[in-house]
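Okay, so here's the structure we're looking at.
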Amino acid sequence: MANLFSSLKNAYQLFKSVDFQKLEALSKKVDLPKMVETISSLDEKQLQGMIKMMGGSSRKKELPPIEGDFYHLGDEALNDEDRALQLKVRTFLEKEVKPIVNHYWNKAEFPFEIIPKLAELNICGLTYKGYGCPGKSNLMEGILAMEMARIDTSLSTFFGVQSGLAMGSIYICGSEEQKRKWLPSMQKFETIGAFGLTEPEVGSAAAGGLTTTCKKVGDEWVLNGQKKWIGNATFADILVIWARDEDSGEVKGFIVKKDNPGFAVEKMENKMALRIVQNGLITLTDCRVQEVDRLQNANSFKDTAKVLQMTRAGVAWQAVGCARGAYENALDYTRTRKQFGKPIASFQLIQNHLVEMLSNLTAMQTLCFRLSQLQDQGLLKDEHASLAKVFCSLRTRDVVSKAREVMGGNGILLEYNVARFVADAEAIYSYEGTKEINTLIVGRAITGYSAFV
């Protein structure tokens, strides 16, 4: 009796779910009893295949996670403490920076409200020992530079100027008194720094052609000239300015305060890349700097080059981050964008582009990991950093180009989070040494001949 009631109940539920008008229309097209008999004879695999073909599967396809570190290099290289710091920085960038970055990039303005939050992470001057700095590895610094550029290359550049170029100049070339005076406040972002080397007519030729001059007059130095493309310059508290001594011909470094008489800066407008970075054109007109503010251990361009070697490795990591951000956003887009009734990620040509992007990205990551290991081992040479800069900046161009391509027309819209990377890759390609200059540095190392003119 119980089985009878159960069967009647199931039959009632079945009748409630059937649209009899559609069933009657179907019966005029097919032999219903025969169709029911055929379907009921299918095994589970055949039945699931038929349902999938009919587009009636109720199960949502589980997709693999979007992960730009395909070889899990970070998992292998970092200890638990550093891995936790990496994830902490990533969370900050995802929650605090990503939602606002397109707005500020579009308006070419800097989000000053994030600076106190960035300071709380305690990552500025990451590799320096003492002066309130964490004293961590160069590998960790590179990974964090990548994490920043993965969300926004402009923010990574701001950080690189503050933590690398400006603080690094003082850390490497400053006296003990200068280090104690400036580094602790810079580490906390209480003092913002900038680095002035490039000039309106002098970029790659900085080693031998600086036109900004300095001359000793009593206990002061008088600086004259211009500096161009100087990141953070419009709001920096102090600026490291490099100038050629009129008497000795050697390059010297100076800590110039923003309120120094004879110092003026104007914001550079109408950039197509790194629009959040506030680049300035600096004019020095009989700008007087005290001897105490001359970098005491900067006596030639070789000392300047020590700073550039250190930061050039960071730029290679920025290129990795830029490429990774473009790749991950493009991959996400292809899995949700549908054409011809299915996600474009299922198309062969799209998968070919994605795999090429990932191949380049993984090669870049592997190269930069080894570069940072050499730096931590004290084995880093100019040619090592230059090779990474050349390769990574070139491959980043390829990755962002394909990321834009798989997104079609939407790839040029900021809201899809790839257009910024396409534009910013062009800046990475040029700054911290062009492809040509870095190529000649590597070429000199491997051939024994200098091709510099």
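Seen from the ring of F391, R395 counts as a face-on cation partner, given the 6.0 Å and 45° thresholds. For R397 and Y429, the positive end sits near the middle of the six-membered ring, less than 6.0 Å away and at most 45° from its axis.
A salt bridge links D75 to R83: at least one charged side-chain nitrogen sits closer than 4.0 Å to a carboxylate oxygen. The pair R294-E220 does not count as a salt bridge, with every side-chain nitrogen at least 4.0 angstrom from each carboxylate oxygen.
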Practice problem: Dump the intermediate steps for side-chain contact (heavy atoms from CB on, under 4.5 Å) on N260 and R288, then the final yes or no. | Solution: CA-CA 7 Å; N260 264 49; R288 293 183 173 270; 5.9 Å; no

Exercise. Begin with the C-alpha distance, continue with both residues' side-chain angles, and end with the deciding distance and a verdict on ring-ring contact (aromatic ring centres under 6.0 Å, His included) for W317 and F369.
Key: CA-CA 9 Å; W317 274 108; F369 263 85; 5.3 Å; yes

Exercise. Take F110 and Y104 through the ring-ring contact (aromatic ring centres under 6.0 Å, His included) test and state the conclusion after the steps.
Key: CA-CA 6 Å; F110 189 88; Y104 281 98; 8.0 Å; no

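If you look at Y416 and Y333, their ring centroids are closer than 6.0 Å. In this structure, the ring of W221 has its center less than 6.0 angstrom from the ring center of F254.
Judged by distance alone, the side chain of E328 and the main-chain N or O of G68 form a donor-acceptor pair under 3.5 Å. A donor-acceptor pair is defined here as one N or O able to donate and one able to accept, closer than 3.5 Å; such a pair exists between the side chain of N329 and the backbone of G325. Here the side chain of K227 pairs a donor or acceptor atom with the backbone of L197 at under 3.5 angstrom. Under the 3.5 Å distance criterion, the side-chain polar atoms of R420 are matched with a main-chain donor or acceptor of I151. With T434 contributing its side chain and S430 its backbone, the two residues share no donor-acceptor pair below 3.5 Å. Judged purely by atom type and a 3.5 angstrom limit, S300 has no side-chain atom pairing as donor or acceptor with the backbone of E250. One N or O on the side chain of D303 and one on the backbone of N299 form a donor-acceptor pair closer than 3.5 Å.
Other residues, nucleotides and ligands contribute more than 12 heavy atoms inside 6.0 Å of the CD atom of E176. The neighbour count for K271 NZ, taken as heavy atoms of other residues, nucleotides or ligands under 6.0 Å away, is above 12.
Taking all atoms of both residues into account, the shortest heavy-atom contact from K129 to Y171 is N-OH, 3.2 Å. Of all heavy-atom pairs between T311 and G164, the closest is CG2-C, 3.7 Å. Smallest separation of non-hydrogen atoms from I100 and E113: CD1-OE2, 3.9 Å. Of all non-hydrogen atoms in A326 and F421, the two that sit nearest each other are N-CD1, 3.8 Å. Of all the heavy atoms in R312 and S386, the pair that sits closest is NH1-OG, 3.7 Å. In terms of heavy atoms, S393 sits closest to I428 at CB-O, 4.1 Å.
Ring geometry for F189 against F159 counts as tilted: the plane angle lies between 30° and 60°, on a 0 to 90° scale.
Screening T283, T211, L281 for a side-chain contact (heavy atoms from CB on, under 4.5 Å) with P200, the sole residue that qualifies is L281.
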